[in-house]
Amino acid sequence: MPADFHSFATELLGWYRRHARSLPWRLPPGSAAPPDPYAVWLSEIMLQQTTVAAAGPYFSRFLARWPSVRDLAAAPREDVLAAWAGLGYYSRARNLHAAARHVAEAFGGVFPSTEEGLRALPGVGPYTAAAIAAIAFGERAAVVDANVERVAARLFAVETPLPAAKPEIREKVGLLTPAAAPGDFAQAMMDLGALVCSPKRPQCAACPVAAYCEGRARGIAESLPRFAPKKARATRRAVAFLCLRSDGAVLLRRRPDKGLLGGMLEVPSSPWAEGALDLEAALAHAPLRARWRARAGLVTHTFTHFRLELAVYEGRPGASAIGEADGLWVAPSDLATVGLPTVMRKVTALVEPAPGPLFAAGSAGR
DNA sequence: CATTCGTGGTT
DNA sequence: TAACCAAGAAT
C-alpha cells in the first residue's frame, strides 16, 4: 500500500494533467469554469457499462436536442427512448427521463449537489452519485468504477475476489482521495485504469505510480483483481413474425415497460424459451392470421446473460386480417428512425430497403 | 448476495 | 472466433 497517500495523488494528478484526455467533451482538468451538472449527469449515465466510443455520439445528439434538464423533462418519453435505441440497458433511458422530470419539477431544474441527494435520483447509484458530486461539485467523494476497482486491487494487492472485495476497495479509495480536485483525481484513476492499468498486460513500465504498487512489488498485479466464477450462458429460441402489409409496412409492437428491452419497440415474436424450438407452438403466437413462410437463416443475438436465436417467419396478411393485430405499421423507410433495439434491427434488416453494412454479414447467416 | 438488464470493441 | 470486458443500477 502506498506509503504516502498525498504524494500518490500528486504523482497521479501530474500525469493526468499531462496526458491526452480520453473524454473530449469534458472540460480541461483544473479548469476554472465548473462543469454543467446536467452534462456530467447525462454523460455518466450513458457511460454506465458503455464505452466512450459508443456513448459519445449519443451524448452529442442528446445535448444538442435537449440542452437543459428542463428540455429533457419536457420531451415525450417515446422520443427519449427512441433516441436511446441502440445504446442498450434501456432502464437507463426510462430512469433518465424520470430523473429529469423530478429535477425539473421538484427541484426547479437544479441538480442536487451532494452525493446523498444525487443518489436519490432514479438511475443514479453509488458510482454515479460519487462521480457527479466530485466532478461537477468538487465534493470529496470516493468514485469507484470497474477501472478504479482494478487499480486499487493492484495498488493494495487485494486478493479477495470481487464482488466480496468491494467494501474494502471502496474504503481504501476513500482514504486515497484528496480534498483538492477530487473530480480530477477520480478521472485520473479511471483514465489510468483504461489506458495503463488495463485488465490484460498492464503497462507498468509507463505507470506514473508504479512505485506505490504493492501488487507489482509482489509480482501479482496482472492476476488482480480476482473474480468469483461466472455462470454459463443459456440459449433461448423463438419465432419472430415479420408481418408485411401490401404497401410494404411492417408490424411493430411496444414491449411492456418492465424487464428486457422494456418500453422499446419490437418485432412480434413467440415467447423466448430455453431448449429446442417447438415450431407448432411458436406459430400459434402469431399476431394475426397469415400464411407464414420461413425466411432463410437465423437471427442470433447475445445478451448479457443469454443467447437468442430467432427463426424469422414472413406473412402477408389479407385485408381482413390486418385489423387483428395491435401495434403499429411502419414503412420500411422509417424503420431506421423509429428507434429499434439492435436485436430487432437485425430482424428488420431483412426487409429494409438498403441494408447497411452494420448487419450485412453474420446476422442472418448461419 | 445473486440475478437481471444491451451492445460493441478487444483480444 | 469465442471469450472477455465495460465510467453500474435495480431488485
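Below, chain A is the first sequence line, B the second, and so on; all start at residue 1.
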Can you pull every protein N or O that's under 3.5 Å from an N or O on nucleotides 8-11 of chain C?
{"residue": "C:dG8", "atom": "OP2", "partner": "A:Gln49", "partner atom": "N", "Å": "2.5"}
{"residue": "C:dG8", "atom": "OP2", "partner": "A:Gln49", "partner atom": "NE2", "Å": "3.2"}
{"residue": "C:dG8", "atom": "O5'", "partner": "A:Gln49", "partner atom": "N", "Å": "3.3"}
{"residue": "C:dA9", "atom": "OP1", "partner": "A:Gly125", "partner atom": "N", "Å": "2.8"}
{"residue": "C:dA9", "atom": "OP1", "partner": "A:Gly125", "partner atom": "O", "Å": "3.3"}
{"residue": "C:dA9", "atom": "OP1", "partner": "A:Thr128", "partner atom": "N", "Å": "2.9"}
{"residue": "C:dA9", "atom": "OP1", "partner": "A:Thr128", "partner atom": "OG1", "Å": "2.7"}
{"residue": "C:dA9", "atom": "OP2", "partner": "A:Pro126", "partner atom": "N", "Å": "3.4"}
{"residue": "C:dA9", "atom": "OP2", "partner": "A:Tyr127", "partner atom": "N", "Å": "3.2"}
{"residue": "C:dA10", "atom": "OP1", "partner": "A:Gly123", "partner atom": "N", "Å": "2.4"}

Does A:Leu251 belong to the same Ile/Leu/Val/Met/Phe/Trp/Tyr cluster as A:Val343, with side-chain heavy atoms less than 4.5 Å apart forming each link?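 No, A:Leu251 and A:Val343 fall in different hydrophobic clusters.
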
Could you tell me which non-hydrogen atom of A:Trp84 sits nearest to which non-hydrogen atom of A:Leu96, and how far apart they are?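 Looking at all heavy atoms of both residues, the shortest contact is CZ3-CD2, 4.0 Å.
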
Given the rule in the ring-ring contact (aromatic ring centres under 6.0 Å, His included) test, do A:His301 and A:Phe303 qualify, once you have shown the distances and angles that lead to the verdict? CA-CA 7 Å; A:His301 191 77; A:Phe303 293 96; 4.8 Å; yes

If we only count heavy atoms from C-beta on, is the A:Tyr38 to A:Val103 side-chain gap below 4.5 Å?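 Side-chain contact under 4.5 Å: no.
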
Residues from residues 218-233 of chain A lying under 4.0 Å of DNA chain C - heavy atoms: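 DNA chain C contact set from residues 218-233 of chain A: A:Lys230.
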
Take atom [atom1] of [X] and atom [atom2] of [N], then tell me their distance rounded to the nearest Å.
X	N	atom1	atom2	value
A:Ile135	C:dA7	CD1	P	13 Å
A:Met190	C:dA6	CE	C1'	13 Å
A:Arg307	B:dT7	CZ	P	15 Å
A:Lys166	B:dA2	NZ	P	12 Å
A:Phe306	B:dT7	CZ	C1'	13 Å
A:Leu162	B:dC1	CG	P	11 Å
A:Arg201	C:dC5	CZ	C1'	17 Å
A:Tyr58	B:dG8	OH	C1'	11 Å

Donor-acceptor contacts, no H, no angles, side chain residues 141-148 of chain A, under 3.5 Å, sequence neighbours left out:
{"residue": "A:Asp145", "atom": "OD1", "partner": "A:Asn147", "partner atom": "N", "Å": "3.2"}
{"residue": "A:Asp145", "atom": "OD1", "partner": "A:Val148", "partner atom": "N", "Å": "2.9"}
{"residue": "A:Asp145", "atom": "OD2", "partner": "A:Asn147", "partner atom": "ND2", "Å": "3.1"}
{"residue": "A:Asn147", "atom": "OD1", "partner": "A:Arg150", "partner atom": "NH2", "Å": "2.8"}

If the cut-off is 4.0 Å, is [X] near the phosphate of [N], judged by side-chain N/O to OP1 or OP2?
X	N	value
A:His305	B:dT3	no
A:Thr51	C:dA6	no
A:His301	B:dG6	no
A:Arg150	C:dA6	yes

Which part of the nucleic acid, if any, lies within contact of [X], taking any heavy atom under 4.0 Å across all strands shown: a base, the sugar-phosphate backbone alone, or nothing?
X	answer
A:Val343	sugar-phosphate
A:Gly262	nothing
A:Gly259	sugar-phosphate
A:Leu261	sugar-phosphate

On a whole-Å scale, what distance lies between the [atom1] atoms belonging to [N] and [M]?
N	M	atom1	answer
C:dA10	B:dG8	C1'	23 Å
C:dC5	B:dG6	C1'	13 Å
B:dC5	C:dA6	C1'	14 Å
B:dC1	C:dA9	C1'	15 Å

Can a donor-acceptor pair be found between the side chains of [X] and [Y] at a distance below 3.5 Å?
X	Y	value
A:Thr128	A:Gln48	yes
A:Asp71	A:Ser68	yes
A:Thr50	A:Arg92	yes

Answer yes or no: is there an ion pair linking A:Arg119 with A:Glu115, defined by an N-O contact shorter than 4.0 Å?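 No.
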
Parallel, tilted or perpendicular: ring planes of A:Phe111 versus A:Trp41, cut at 30 and 60 degrees: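 Aromatic pair A:Phe111/A:Trp41 classed tilted.
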
Which residue lies more 5' along DNA chain B, comparing A:Arg236 with A:Ala53 via nearest heavy atoms: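 Upstream on the strand: A:Arg236.
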
Crowding at CZ, A:Arg293 (>12 non-hydrogen neighbours, <6.0 Å):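 Not more than 12 within 6.0 Å, no.
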
